[in-house]
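So the structure is just underneath, and the comments pick up after that.
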Amino acid sequence: GSFFAQLSQRAPFDMFFSADMDYPQRLIVHGLALAETAFFYAVGRIVLWVPKSSAMAVEQRGVQALFDPTVKKIALANPQHAPYGRAAVAALKSFGVYEAVHERFVFGENVAQAAQFVQSGAAQIGIIALSLALAPTLRAHGRFWEFPLASYPRMEQGGVILKWVRDRASAELLKNFVLSEQGRAILKNYGFFLPGE
């Protein structure tokens with residue numbers, strides 16, 4: 001959401017990768033991106049994540065871990081503008097626990113900041129992207145439980161090349177790499193479902 005706002009003011013970027021397809025489509029509708037360059041590259045997934053130092057057995061307790069007496073704050077991306085935040089809220093509502101836990105939310109500007117809140121101890125548990133939980137910076141430092149895919153709307157992630165791109169050929173090369181077999185293998189390694197799966 002914050003990048004969308006910057007791009008609406010013609011921020012100096014060539015491409016935009018989004019955690020949903022809505023923001024790239026809105027850029028196209030507003031005449032800020034090239035419609036023919038829009039692409040769908042992955043499906044995002046969400047997890048409950050705790051640091052390794054936590055005594056909480058999140059892998060076994062699943063969503064019930066949110067009710068552990070040690071959980072004073074729950075980090076998630078701001079659902080007002082972050083697709084991962086909207087997915088988190090939908091999943092909690094699907095499990096029927098949203099009303100019981102929402103007063104303990106702390107919102108990150110994005111899903112990466114929500115993860116930082118848990119890492120720093122500002123929150124005891126977070127709802128973050130599976131791709132972050134599997135990334136080298138977090139993989140060795142935490143444990144997680146994955147929300148069932150049916151508990152939140154499918155998170156189709158996409159991108160687009162912006163109208164003011166300086167080197168369209170290079171932008172197309174990057175797009176083609178991400179969509180290539182090699183690029184798809186990298187995405188899969190980091191916890192994304194791929195188009196067609």
Side-chain angles (χ1 to χ4, degrees), residues 1-4 7 13-28 33 37-52 58-59 62-63 75-79 81-92 94-95 107-119 125-162 170-197:
S2 56
F3 278 124
F4 174 80
L7 293 171
F13 297 103
D14 297 319
M15 294 182 76
F16 176 51
F17 286 79
S18 177
D20 67 8
M21 288 297 293
D22 180 55
Y23 285 124
Q25 288 301 326
R26 285 168 60 185
L27 288 169
I28 291 167
T37 68
F39 59 98
F40 164 40
Y41 66 89
V43 177
R45 295 152 68 179
I46 57 173
V47 300
L48 274 178
W49 190 85
V50 296
K52 271 225 169 111
V58 70
E59 306 95 313
V63 77
L76 61 147
N78 190 329
H81 55 258
Y84 277 97
R86 288 192 290 274
V89 167
L92 294 172
S94 173
F95 274 89
F107 294 125
E109 186 67 22
N110 53 47
V111 73
Q113 188 176 53
Q116 289 170 356
F117 288 164
V118 186
Q119 272 189 297
I125 194 168
I127 303 173
I128 68 169
L130 174 62
S131 58
L132 284 175
L134 295 177
T137 51
L138 290 186
R139 185 187 305 240
H141 303 288
R143 296 174 285 106
F144 64 86
W145 171 79
E146 185 177 351
F147 282 91
L149 285 170
S151 66
Y152 54 95
R154 185 174 167 92
M155 294 186 60
E156 295 190 348
Q157 302 191 179
V160 70
I161 297 174
L162 301 161
S170 293
E172 293 280 2
L173 280 173
L174 177 57
K175 170 187 162 182
N176 292 338
F177 173 76
V178 169
L179 299 177
S180 73
E181 191 172 319
Q182 187 178 1
R184 288 167 60 91
I186 293 168
L187 289 168
K188 192 164 191 166
N189 189 48
Y190 282 89
F192 289 103
F193 275 147
L194 302 176
E197 288 187 345

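Residue numbers start at 1 and run along the sequence shown.
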Work out which heavy atom in [X] is nearest to a heavy atom in [Y]; give both atom names and the distance.
| X | Y | value |
| --- | --- | --- |
| Val50 | Val118 | CA-CG1, 4.4 Å |
| Ala114 | Ala75 | O-CB, 3.4 Å |
| Leu179 | Arg184 | O-CD, 3.4 Å |
| Phe177 | Ile186 | CZ-CD1, 3.9 Å |
| Arg139 | Asn189 | NH2-O, 4.1 Å |
| Trp49 | Ala133 | CD1-CB, 3.8 Å |

Just wondering, do [Y] and [X] contact through their side chains at under 4.5 Å, heavy atoms?
| X | Y | answer |
| --- | --- | --- |
| Pro136 | Tyr190 | yes |
| Leu92 | Phe147 | yes |
| Leu76 | Val89 | yes |
| Gln157 | Phe17 | no |
| Phe95 | Pro148 | yes |

Among all residues two or more places apart in sequence or in another chain, which pass the side chain to side chain donor-acceptor pair (under 3.5 Å) test with Tyr23?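 Per chain and number, Tyr23 pairs via side chain to side chain donor-acceptor pair (under 3.5 Å) with no residue.
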So, using side chain to side chain contact (heavy atoms under 4.5 Å, CB included) as the criterion, who are the partners of Ala115 when residues are at least two apart?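 Result, side chain to side chain contact (heavy atoms under 4.5 Å, CB included) vs Ala115: Ile128, Leu132, Leu138.
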Pro153: partners by side chain to side chain contact (heavy atoms under 4.5 Å, CB included), with sequence neighbours left out: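 Side chain to side chain contact (heavy atoms under 4.5 Å, CB included) check on Pro153 returns Ala90.
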The test is side-chain contact (heavy atoms from CB on, under 4.5 Å); show your working for Thr137 and Gln119 and say whether it passes. CA-CA 10 Å; Thr137 51; Gln119 272 189 297; 5.7 Å; no
Tell me whether Phe3 at atom CZ has more than 12 heavy atoms from other residues, nucleotides or ligands lying less than 6.0 Å away.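 Atom CZ in Phe3 is not crowded, with 12 or fewer foreign heavy atoms closer than 6.0 Å.
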Listed partners of Glu59 passing salt bridge (charged side-chain N to carboxylate O under 4.0 Å, His left out), at least two apart: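 Expected list: Arg143.
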Residues which pass salt bridge (charged side-chain N to carboxylate O under 4.0 Å, His left out) with Arg26, listed by chain and number, not counting sequence neighbours: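 With neighbours one apart ignored, the set is Asp22.
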Distance check, rounded to the nearest 0.5 Å: [X] atom [atom1] versus [Y] atom [atom2]?
| X | Y | atom1 | atom2 | result |
| --- | --- | --- | --- | --- |
| Arg45 | Arg154 | CZ | CZ | 11.0 Å |
| Ser131 | Phe192 | OG | CZ | 3.5 Å |
| Leu149 | Met155 | CG | CE | 11.0 Å |
| Thr37 | Ile28 | OG1 | CD1 | 6.0 Å |
| Ser180 | Leu173 | OG | CG | 11.0 Å |
| Leu48 | Phe144 | CG | CZ | 11.0 Å |

Given Ile127 and Tyr84, is the side-chain contact (heavy atoms from CB on, under 4.5 Å) satisfied, shown in steps? CA-CA 8 Å; Ile127 303 173; Tyr84 277 97; over 6 Å; no
Is Lys175 reaching over with its side chain to a backbone N or O of Phe39, donor-acceptor style, under 3.5 angstrom?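 Answer holds: no.
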By ring-ring contact (aromatic ring centres under 6.0 Å, His included), which residues pair with Tyr152, not counting sequence neighbours?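 Listed in chain order: nothing, the list is empty.
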